[in-house]
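First up is the structure itself, then whatever we jot down about it.
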Amino acid sequence: MDVVLRPINDAFFHEQVLPFLTRAMGDASGALESLMEQLGDGQSRMLCERMLATSVPGGLGSVDADPWADLVDRLAFQPWKAGPMGWEVDARHAGYADAWDEALHLSLMLEEAHYPYWDNRTSREVRDGFRLRPLADVGLASLLAGQWDPFPEFPPDRVFVTQGRGEYFPNERFAFADWAWRPARAVAHWQVNLPRKLERLLTREQERMKLPSLPERDEVLAYWLGKQAQPPPLTVAFSGLGPRAANWIRELGALTGHIRQAALAKQGLAALVTKGTSVRI
């Protein structure tokens with residue numbers, strides 16, 4: 001699993017995680033003490049106490065790196081809910097996981113009208129450039145590549161690193177890292193626009209193949225929109241997808257399904273590139 005996409009509690013991320021990380025840049029001990037007062041989760045409190053026991057005044061460099069990474073991983077990528085003793089980890093929700101390059105390929109097919117998905121070499125070059133500096137306003141593809149929107153008040157690549165990717169440009173209001181998130185309002189906007197983007201992709205493939213109609217178009221679209229449980233058997237593989245057509249149709253359905261589920265639950269989404277990823281750049 002090279003990239004993971006998980007639903008997150010929008011209120012918890014806004015009210016607790018972002019203020020905590022912003023303060024921790026200059027006052028890690030104070031941020032940990034303040035966070036502990038809001039948490040009812042024993043594992044997270046234990047990690048805070050462990051760092052406070054050895055911390056010195058200062059920012060992130062003043063606390064132990066290993067428990068810090070464990071804490072941020074728990075705060076940013078676990079499902080949280082408000083409990084009687086404070087914020088606590090909820091029952092685990094299923095997330096999306098796939099090879100990073102594959103997921104980015106699928107998301108660019110969905111989001112970018114001019115992405116050359118049928119050309120292996122050219123599409124690879126586009127993805128390589130996108131990873132080096134993710135473009136803003138490319139929806140799900142921007143999230144999977146680590147671009148932050150809204151812009152954070154801290155450099156996210158200093159908070160948490162798996163690949164060492166990241167830049168922080170305050171003057172340009174632009175940042176990206178190995179992890180990123182989108183608030184619930186952005187996910188809801190994606191969900192509203194999914195049908196149009198999926199139809200655009202199918203229309204584009206039909207025009208590219210110069211066909212009067214695209215085989216299984218209605219069935220594929222119904223699957224992508226969650227109206228059909230399984231994708232149809234393809235009698236004619238889409239030439240743009242080649243022999244992997246059935247797998248890509250299934251995976252794009254899984255990816256859009258997670259957007260739909262998060263939107264219906266009024267949740268945000270967090271993306272993390274895992275440590276084992278190897279990508280040619």
Side-chain angles (χ1 to χ4, degrees), residues 1-10 12-14 17-18 21 72-73 75-79 93-113 115 117 126-152 154-157 159-163 165-169 172-194 197-198 201 224 251-274 277 279:
M1 297 187 298
D2 293 331
V3 67
V4 177
L5 190 66
R6 290 177 178 163
I8 58 172
N9 185 303
D10 208 54
F12 178 73
F13 210 91
H14 274 103
V17 178
L18 294 177
L21 296 176
V72 174
D73 180 79
L75 295 175
F77 302 107
Q78 294 295 327
H93 293 257
Y96 173 87
D98 197 1
W100 188 25
D101 195 56
E102 187 86 340
L104 189 57
H105 178 65
L106 292 169
S107 64
L108 285 168
M109 286 174 63
L110 173 69
E111 300 285 3
E112 181 51 65
Y115 176 62
Y117 57 88
V126 171
R127 296 194 301 277
D128 286 352
F130 204 82
R131 272 183 285 264
L132 282 172
R133 187 178 173 95
L135 300 178
D137 302 322
V138 194
L140 180 62
S142 296
L143 171 62
L144 292 176
Q147 186 259 342
W148 279 64
D149 183 21
F151 180 77
F154 55 87
D157 58 311
V159 168
F160 195 80
V161 173
T162 58
Q163 304 298 302
R165 298 167 56 253
E167 297 287 352
Y168 187 70
F169 301 106
E172 299 176 30
R173 307 290 289 177
F174 178 84
F176 74 94
D178 295 325
W179 67 294
W181 78 294
R182 290 295 184 275
R185 66 177 184 274
V187 178
H189 180 72
W190 292 350
Q191 165 64 8
V192 168
N193 285 284
L194 268 180
K197 292 179 178 180
L198 291 168
L201 175 59
W224 282 344
E251 285 302 310
L252 186 54
L255 196 54
T256 56
H258 282 279
I259 295 175
R260 183 170 57 253
Q261 291 166 11
L264 291 175
K266 298 182 179 180
Q267 294 174 315
L269 284 171
L272 169 68
V273 180
T274 59
T277 307
V279 175

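Here, residue 1 is the first one in the sequence, and each next residue gets the next number. Hydrogens, waters and symmetry mates are skipped; everything else that's a heavy atom, side chains included, is used.
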*May I have the step-by-step check of salt bridge (charged side-chain N to carboxylate O under 4.0 Å, His left out) for R127 and D101, ending in yes or no?*
CA-CA 8 Å; R127 296 194 301 277; D101 195 56; 2.8 Å; yes
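- Here F160 contributes atom CZ and F77 contributes atom CZ; the two are 5.5 Å apart, rounded to the nearest 0.5 Å.
- How far OG1 of T274 is from CD of Q163: 7.0 Å, rounded to the nearest 0.5 Å.
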_For D10 and K266: C-alpha separation, side-chain torsions, deciding distance, then whether side-chain contact (heavy atoms from CB on, under 4.5 Å) applies._
CA-CA 8 Å; D10 208 54; K266 298 182 179 180; over 6 Å; no
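- Paired with L272 under the rule side chain to side chain contact (heavy atoms under 4.5 Å, CB included), one option of D73, V3, L144 passes, and it is D73.
- Considering all non-hydrogen atoms of both residues, A141 and L108 come closest at CB-CD2, 3.7 Å.
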*Using the side-chain contact (heavy atoms from CB on, under 4.5 Å) rule, take Y115 and L110 through it: C-alpha gap first, then chi angles, then the decisive distance, then the call.*
CA-CA 9 Å; Y115 176 62; L110 173 69; over 6 Å; no
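- Under the 4.5 Å side-chain criterion, counting only non-hydrogen atoms from C-beta, L194 is not in contact with W224.
- Judged by distance alone, with hydrogens and angles left aside, the side-chain atoms of R6 form no donor-acceptor pair with the main-chain N or O of G95 at under 3.5 Å.
- In this structure, CG on L104 lies 5.5 Å from CZ on R131, to the nearest 0.5 angstrom.
- Note that the CD atom of E112 and the NZ atom of K197 stand 10.0 Å from one another [nearest 0.5 Å].
- The shortest non-hydrogen separation linking A175 to Y168 is CB-CD1, 3.7 Å.
- A 4.5 Å side-chain heavy-atom check between P183 and H14 finds at least one atom pair inside the cut-off.
- The CG atom of L252 lies 10.5 Å from the CD atom of E102; values are rounded to the nearest 0.5 Å.
- For the pair P7 and Y96, the minimum side-chain heavy-atom distance is 4.5 Å or more.
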*Would R182 and Q147 satisfy side-chain contact (heavy atoms from CB on, under 4.5 Å), going step by step from the backbone distance to the final call?*
CA-CA 10 Å; R182 290 295 184 275; Q147 186 259 342; 2.8 Å; yes
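- The two residues E111 and L140 make their nearest non-hydrogen contact at OE2-N, 2.9 Å.
- In terms of heavy atoms, P134 sits closest to F174 at O-CZ, 3.1 Å.
- Taking the six-membered ring where the residue is Trp, F154 and W179 present parallel rings, their angle staying beneath 30° rather than reaching 60°.
- Smallest separation of non-hydrogen atoms from F12 and L75: CE2-O, 3.6 Å.
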*Show the numbers, then the answer: is there a ring-ring contact (aromatic ring centres under 6.0 Å, His included) between F169 and F176?*
CA-CA 9 Å; F169 301 106; F176 74 94; 8.0 Å; no
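- By the 4.5 Å heavy-atom criterion applied to side chains, W190 and L269 are counted as neighbours.
- Crowding of H189 atom NE2: a count of heavy atoms from other residues, nucleotides or ligands under 6.0 Å not exceeding 12.
- D98 contributes atom CG, which lies 11.0 Å from atom NE2 of H105 (distance to the nearest 0.5 angstrom).
- The two residues L135 and S142 have their closest heavy-atom pair at O-OG, 2.5 Å.
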*Residues Q267, F13; criterion side-chain contact (heavy atoms from CB on, under 4.5 Å); working and verdict*: CA-CA 10 Å; Q267 294 174 315; F13 210 91; over 6 Å; no
